[in-house]
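See structure below.
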Amino acid sequence: MIIRKMFKFENAHIVRGCSTIKCRSSLHGHSYRVELLFESNFLDNGQMVYDFGLMKQNIKDLVESFDHAVALWSGDDSSYVEDMKRHSDRWVELPVSPSAEQFSRVIFVMIDRLLSLTSSVNGEKEVKLYSVIVHEAKTGYAQCFEEDAYSKEMGDINLQQIVFSQAIKEGFNDVDLYEKLLNGERF
């Protein structure tokens with residue numbers, strides 16, 4: 001069975017190498033909608049794959065860490081990256097360009113890791129992240145599956161290379177959320 005939970009965030013970015021001039025040369029923003037699809041062949045003690053209420057803290061924090069932030073690519077011009085960090089309290093630096101495709105991969109890797117470290121609280125069993133869909137506009141989205149998320153051909157996404165500004169970290173319900181994720185601590 002597959003269940004779906006939707007989140008949303010507002011974000012600004014530049015996608016270098018994009019075929020359209022506006023996209024590759026001007027900071028612009030989108031109202032993103034993110035669908036997380038989870039699967040399991042089992043139901044928990046409440047007859048659910050995974051209680052949506054469990055997603056209201058750590059999973060929501062990770063997805064919404066991009067809200068009202070600037071997404072930066074570590075491979076971009078260093079003076080641009082440093083200027084954006086200096087002039088924005090909320091920024092996320094990624095090891096890949098912040099396209100909808102790469103957002104779906106980054107979010108997949110973060111949520112997949114979080115799910116693997118989350119302890120069962122109500123008999124949840126073999127719950128897996130099936131896919132992540134990132135809607136950049138009403139008419140277009142990118143959908144990422146596990147093989148896409150970890151594809152070296154699409155660019156390596158190492159959690160150690162994703163950097164959140166201090167303002168974002170302080171907004172997590174669990175201030176040490178990302179460090180716990182990186183260190184493999186159970187939730």
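Put simply, the side chain of R24 gets close to the backbone of S19: a donor and an acceptor are under 3.5 Å apart. Using modelled atom types, one side-chain atom of R105 and one backbone atom of G155 make a donor-acceptor pair closer than 3.5 Å. In this structure, R86 contributes its side chain and V81 its backbone to no donor-acceptor pair below 3.5 Å. A donor-acceptor distance shorter than 3.5 angstrom exists from the side chain of S65 to the backbone of L62, with no hydrogens or angles considered. Using modelled atom types, one side-chain atom of S74 and one backbone atom of L94 make a donor-acceptor pair closer than 3.5 Å. A donor-acceptor pair is defined here as one N or O able to donate and one able to accept, closer than 3.5 Å; no such pair exists between the side chain of T20 and the backbone of K22.
Considering every non-hydrogen atom in both S165 and D89, the closest pair reads OG-O, 2.8 Å. Taking all atoms of both residues into account, the shortest heavy-atom contact from M55 to I3 is CE-CD1, 4.2 Å. Of all non-hydrogen atoms in I157 and V106, the two that sit nearest each other are CD1-N, 3.7 Å. The minimum heavy-atom distance between S120 and E124, with the atom names listed, is OG-OE1, 2.9 Å.
With 3.5 Å as the limit, one finds a donor-acceptor pair spanning the side chains of S31 and E10. A donor-acceptor pair shorter than 3.5 Å cannot be found between the side chains of D156 and Y150. With no hydrogens or angles considered, no side-chain donor-acceptor pair links S97 and Q102 at under 3.5 Å.
Between E136 and R33 there is no salt bridge, since no side-chain N of the basic residue sits under 4.0 Å from a carboxylate O of the acidic one. With respect to the salt-bridge test (charged N to carboxylate O, under 4.0 angstrom), the residues D174 and K180 qualify. Taking a cutoff of 4.0 Å between a charged side-chain nitrogen and a carboxylate oxygen, E179 and K169 qualify as a salt bridge.
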Problem - Full working for side chain to side chain contact (heavy atoms under 4.5 Å, CB included) between Q166 and W91 - result: CA-CA 9 Å; Q166 192 60 36; W91 52 264; over 6 Å; no
Exercise for the section: In sequence, state the C-alpha distance, the side-chain angles, and the governing distance for F108 and L129, and then conclude on side chain to side chain contact (heavy atoms under 4.5 Å, CB included). Expected result: CA-CA 8 Å; F108 191 105; L129 184 57; 3.7 Å; yes
Exercise for the section: Just do the side chain to side chain contact (heavy atoms under 4.5 Å, CB included) check on E35 and H135 with the steps written out, would you? Expected result: CA-CA 8 Å; E35 296 180 60; H135 298 260; 2.5 Å; yes
Practice task
Show your reasoning for whether side chain to side chain contact (heavy atoms under 4.5 Å, CB included) applies to T118 and Y50.
Solution key: CA-CA 12 Å; T118 301; Y50 196 81; 3.8 Å; yes
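Proximity of L114 to I59: side-chain heavy atoms (C-beta onward) are separated by under 4.5 Å at one or more points. With contacts defined as side-chain heavy-atom distances shorter than 4.5 Å, the pair V132/Q143 does not qualify. Side-chain contact check for L37 versus I133: some heavy-atom pair is nearer than 4.5 Å. For the pair R113/L159, a side-chain contact is recorded, criterion being any heavy-atom separation below 4.5 Å from C-beta on. In this structure the side chain of K128 reaches within 4.5 angstrom of the side chain of E146, judged on heavy atoms. Contact check for N122 versus D51: no side-chain heavy atoms found under the 4.5 Å cut-off. In this structure, the side chains of P95 and I162 come closer than 4.5 Å at one or more pairs of heavy atoms. In this structure the side chain of K60 never reaches within 4.5 angstrom of the side chain of V63, judged on heavy atoms.
Summarising the local packing, CZ of F7 is surrounded by more than 12 heavy atoms from other residues, nucleotides or ligands at distances under 6.0 Å. Other residues, nucleotides and ligands place more than 12 heavy atoms under 6.0 Å from the CD atom of E185. Remark: L27 CG is packed, more than 12 non-hydrogen atoms of other residues, nucleotides or ligands lying under 6.0 Å away.
In this structure, CG in N58 is found 11.5 Å from CG in L115, a value given to the nearest 0.5 Å. Atoms CD and CG, from E82 and D76 in turn, are 11.5 Å apart once rounded to the nearest 0.5 Å. Distance OG/S88 to NE2/H68: 11.0 Å, rounded to 0.5 Å. Once rounded to the nearest 0.5 Å, the distance linking CG of D112 with SG of C144 reads 9.5 Å. Taken from OG in S99 to CH2 in W73, the straight-line distance is 10.5 Å, to the nearest 0.5 Å. In this structure, CG in L181 is found 7.5 Å from OG in S116, a value given to the nearest 0.5 Å.
Residues L54 and F38 share a hydrophobic cluster, clusters being chains of Ile/Leu/Val/Met/Phe/Trp/Tyr side chains in contact below 4.5 Å. When the side chains of ILVMFWY residues are joined at heavy-atom separations under 4.5 Å, either directly or via intervening members, V92 and I111 end up in a single hydrophobic cluster. Hydrophobic clustering, with ILVMFWY side chains joined whenever heavy atoms are under 4.5 angstrom apart, keeps I14 apart from I21. Note on M154: it does not cluster hydrophobically with I107, by side-chain heavy-atom contacts below 4.5 Å among ILVMFWY residues. Taking hydrophobic clusters as Ile, Leu, Val, Met, Phe, Trp and Tyr residues chained together by side-chain heavy-atom distances below 4.5 Å, V96 does not share a cluster with V70.
Here N11 pairs with F9, H13, Y32, F66, A69, A71, F103 under the side chain to side chain contact (heavy atoms under 4.5 Å, CB included) rule; sequence neighbours left out. Every residue two or more places apart in sequence or in another chain that forms a side chain to side chain contact (heavy atoms under 4.5 Å, CB included) with Q160 is listed here: N158, L182.
Applying the ring pair (Phe, Tyr, Trp, His ring centres under 6.0 Å) test to every pair with at least one member in residues 164-187, sequence neighbours left out, gives these pairs: F164-F172, F164-Y178.
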